[in-house]
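So the structure is just underneath, and the comments pick up after that.
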2 protein chains.
Amino acid sequence: MVGKREGGGEGRAGTRASPRRRPTIQDLARAADISPSTASRALSGNGYVSAEVRARVLAAAEEIGYVPDSIARSLRSRTSRAVGVLISDIRNPFYANLAAGIEERLRSAGYHVIVVNNDGEADAEVEGARTFLAVRVSAAIVTPVSDRAVRMLMSDGVPVVQADRLVDGLSSDAVLVDNVQGAQEITSHLVDLGHRTIALLIDETDWTSGAGRLAGYRAALRAAGIPMDPALVVPTRFQPDAAREAVDALLDRRPDVTALFAANNLLAEGAFQALRLRGLRVPEDLSLVAFDDLPWMSMVSPGITTVDQHTAELGRTCAQLVVDRIAGSESGEATVRYIEPSIVIRSSTAAPREPSVPVARAASTQVGPVTS
Amino acid sequence: MVGKREGGGEGRAGTRASPRRRPTIQDLARAADISPSTASRALSGNGYVSAEVRARVLAAAEEIGYVPDSIARSLRSRTSRAVGVLISDIRNPFYANLAAGIEERLRSAGYHVIVVNNDGEADAEVEGARTFLAVRVSAAIVTPVSDRAVRMLMSDGVPVVQADRLVDGLSSDAVLVDNVQGAQEITSHLVDLGHRTIALLIDETDWTSGAGRLAGYRAALRAAGIPMDPALVVPTRFQPDAAREAVDALLDRRPDVTALFAANNLLAEGAFQALRLRGLRVPEDLSLVAFDDLPWMSMVSPGITTVDQHTAELGRTCAQLVVDRIAGSESGEATVRYIEPSIVIRSSTAAPREPSVPVARAASTQVGPVTS
DNA sequence: CTGTTAGCGCTTTCAC
DNA sequence: GTGAAAGCGCTAACAG
């Protein structure tokens with residue numbers, strides 16, 4: 001496009017400046033003195049080619065700087081090495097790490113990644129799906145917002161892997177975090193320290209992620225025989241500021257709260273600020289825990305006790321599933337894999353100021369989904 | 001790929017389960033009762049089509065669920081809506097924000113983004129460039145590691161925008177941060193507070209980014225009449241751990257240091273840890289500043305005084321340059337734009353314990369590159 | 001304003 | 001093991 005303009009003025013019919021058509025497989029064939037079909041076979045490895053000829057072709061390719069045109073290849077072979085990745089917000093380190101894990105594994109498997117952000121909006125998500133269809137990705141990985149995009153992709157035969165959460169009623173492959181387990185464990189950690197009035201700060205419970213965390217929180221309380229107080233489940237929006245205000249309001253209303261569980265990293269940020277602004281000491285005045293471990297959580301003081309979701313591993317697992325699915329080595333049915341989170345205990349949790357009597361936990365607290 | 005397998009068993013010759021060939025422009029033409037070329041014109045907007053026919057085509061497209069195959073379109077028209085983005089490590093929030101800014105602007109301009117990470121390795125970078133060439137991206141944005149990838153892209157006529165730093169001797173478009181200016185301002189801030197023994201923690205000075213920061217640091221000292229002490233420029237690797245050790249060693253060696261300037265966010269992380277591990281109070285015992293502002297820097301106490309690079313804006317500017325370049329509205333020559341950083345003063349900086357006599361700054365300290 | 005023709009660069013039968 | 005021929009789905013000439 002741009003280069004062409006140059007051609008006009010400084011046309012020194014020499015090496016550069018000219019639009020210089022890229023070598024095609026025809027050129028390569030000519031250079032290696034064989035037919036295009038043989039060249040194709042030599043490069044792609046499909047079909048028979050004598051070792052001698054293959055070497056010659058490879059050398060010639062290097063020589064003339066031949067790079068196969070994957071557009072043409074895709075058109076003809078009806079496949080592509082592109083995988084679509086549709087995520088909510090790459091600015092959020094959670095998604096960034098997810099994307100990084102995906103890209104890493106996919107790249108090493110010879111695929112490349114088309115990333116589209118949807119900012120959590122269903123329309124943008126559908127638009128992204130349309131793009132994926134247009135460029136004929138061979139699979140898609142999506143952190144779903146609504147079911148529309150996933151449905152659209154699937155109905156066109158594109159294998160999709162849902163990441164982090166599952167949209168109802170769709171039987172695609174998926175890789176999820178065991179939210180119930182993680183939330184239960186970290187809540188139990190608080191319970192074990194003696195907390196009985198534990199608030200959960202959460203932005204949504206419609207997705208499997210939020211629902212699971214809520215369920216885990218409840219399960220831990222139930223297991224400890226602590227009655228559920230609905231007023232301790234604090235709804236908020238998916239933004240630090242909103243979370244900060246929500247926590248502030250909660251503490252005005254319920255000064256008896258001794259521990260706070262933020263359901264994700266953004267809410268944790270807001271909660272952390274709210275506590276600091278109020279001049280509350282953590283963990284002396286209030287214990288704080290969060291779902292989703294980020295670097296800053298170990299940099300602040302006190303370090304925050306969290307549930308580490310192993311996000312990069314989540315991403316790599318998604319990518320692996322995609323690769324297997326494309327290769328056809330996955331069974332026909334949808335496979336769902338769970339990543340087991342682990343809790344990281346730091347300094348933001350301690351026994352409450354006036355400890356309640358520690359409650360014995362029920363022996364059997366198994367409630368999480370069965371792992372893969 | 002995957003869907004096909006289903007066809008065998010549960011073959012209810014009905015609506016789904018079958019491979020169901022995607023509608024082509026032929027199908028669309030048939031449905032709208034016109035020729036393929038007219039359908040093409042109606043969709044792409046190139047050439048004349050009566051309003052009546054266009055409406056009919058659009059309706060038919062909606063009706064049969066036609067999505068243009070951009071593979072075929074690209075092959076024929078020798079253009080694509082794909083832009084390659086080649087960055088070092090999307091896990092690093094700096095690059096994540098850069099990518100987010102790029103994606104945002106590009107998406108709204110109708111392009112999609114192919115992201116490849118190179119982990120700072122030149123070979124991986126070249127591999128990424130090869131991918132871009134293969135899929136015929138219409139432009140590329142790269143945070144260059146070596147000159148090879150950029151050179152390769154450019155020699156094939158792909159417009160490239162270098163982001164954040166510039167590789168020597170290549171005249172591509174670029175968007176850079178005014179590193180000299182930012183580093184000078186923040187160093188001067190320390191000087192103004194009375195610091196005279198300011199260490200710079202830096203991982204590289206080969207790229208324009210590191211070189212600029214070093215130059216800004218030096219310019220500020222020079223302007224203040226403070227002699228350069230080479231031992232205060234502390235080299236380290238691009239990792240928090242390495243930075244932590246480097247700071248530790250520095251402070252063993254030079255207890256007289258009163259302020260520390262970390263040249264990027266990773267080094268800042270290491271520096272912050274080192275200071276905490278040593279039990280030093282910031283800013284009472286030592287002031288700390290950093291280049292590149294990240295959320296955690298305002299969450300820790302004390303909040304860290306930083307240079308905000310406006311990374312998302314940097315990304316958007318790169319994308320805009322790409323769009324303009326593709327549209328041909330940019331001049332023939334390479335254009336370089338600078339982003340003006342701003343310094344964010346928080347609580348990690350204060351006068352040194354035993355303040356030196358504040359030094360009057362020279363009146364004219366203009367040394368930065370001239371802005372765009 | 002619309003239709004016809006040709007061909008982008010590659011892979012894939014199908015002969016040999 | 002290799003080559004010849006056909007065509008993926010689309011759009012750019014060119015007629016009409």
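Order of the sequence lines fixes the chain letters, A, B, ..., with proteins taken first and strands second; residue numbering starts at 1 for each chain.
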- Message: Judged by each residue's nearest nucleotide on DNA chain C, which is more toward the 5′ side, B:S77 or B:G47?
- Response: B:G47
Whole angstrom value for the distance that separates [atom2] of [N] from [atom1] of [X]:
X: A:Q26; N: D:dA5; atom1: CD; atom2: C1'; answer: 12 Å
X: B:D27; N: D:dC8; atom1: CG; atom2: C1'; answer: 14 Å
X: A:R73; N: C:dT12; atom1: CZ; atom2: P; answer: 9 Å
X: B:R76; N: D:dC10; atom1: CZ; atom2: C1'; answer: 8 Å
X: B:R54; N: C:dC1; atom1: CZ; atom2: P; answer: 11 Å
X: A:Y48; N: C:dT12; atom1: OH; atom2: P; answer: 15 Å
X: A:L75; N: C:dC10; atom1: CG; atom2: P; answer: 12 Å
X: B:I71; N: D:dC8; atom1: CD1; atom2: C1'; answer: 11 Å

- Presence of salt bridge, A:E125 and A:R148, under 4.0 angstrom: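 No.
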- Before accepting this row, confirm whether a basic side-chain N of the pair A:R56/A:E63 lies closer than 4.0 Å to the acidic partner's carboxylate O.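 So A:R56 does not pair with A:E63 through a salt bridge.
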- Under 4.0 Å from any atom of DNA chain D, heavy atoms only: list the residues of residues 33-46 of chain A that qualify, in numerical order.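 Close to the strand are A:I34, A:S35, A:S37, A:T38, A:R41.
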- From CD1 (B:I102) to CG (A:N117), nearest 0.5 Å: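 Going from CD1 on B:I102 over to CG on A:N117, the span is 12.0 Å.
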- Task: Counting heavy atoms from C-beta on, name the nucleotide in C:dT2, D:dA12, D:dT2 closest to the side chain of B:V49.
- Result: C:dT2
- Task: Assess the side chains of B:S40 and B:S37: does a donor N or O sit below 3.5 Å from an acceptor N or O?
- Result: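 Their side chains do not contain a donor-acceptor pair, so the 3.5 Å distance test is not met.
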- Message: Are the side chains of B:R130 and B:M152 in contact, using a 4.5 Å heavy-atom criterion?
- Response: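 B:M152 reaches B:R130 side chain to side chain.
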- Note on the structure: Nearest heavy-atom contact between A:P144 and A:R165 is O-NE, 2.7 Å
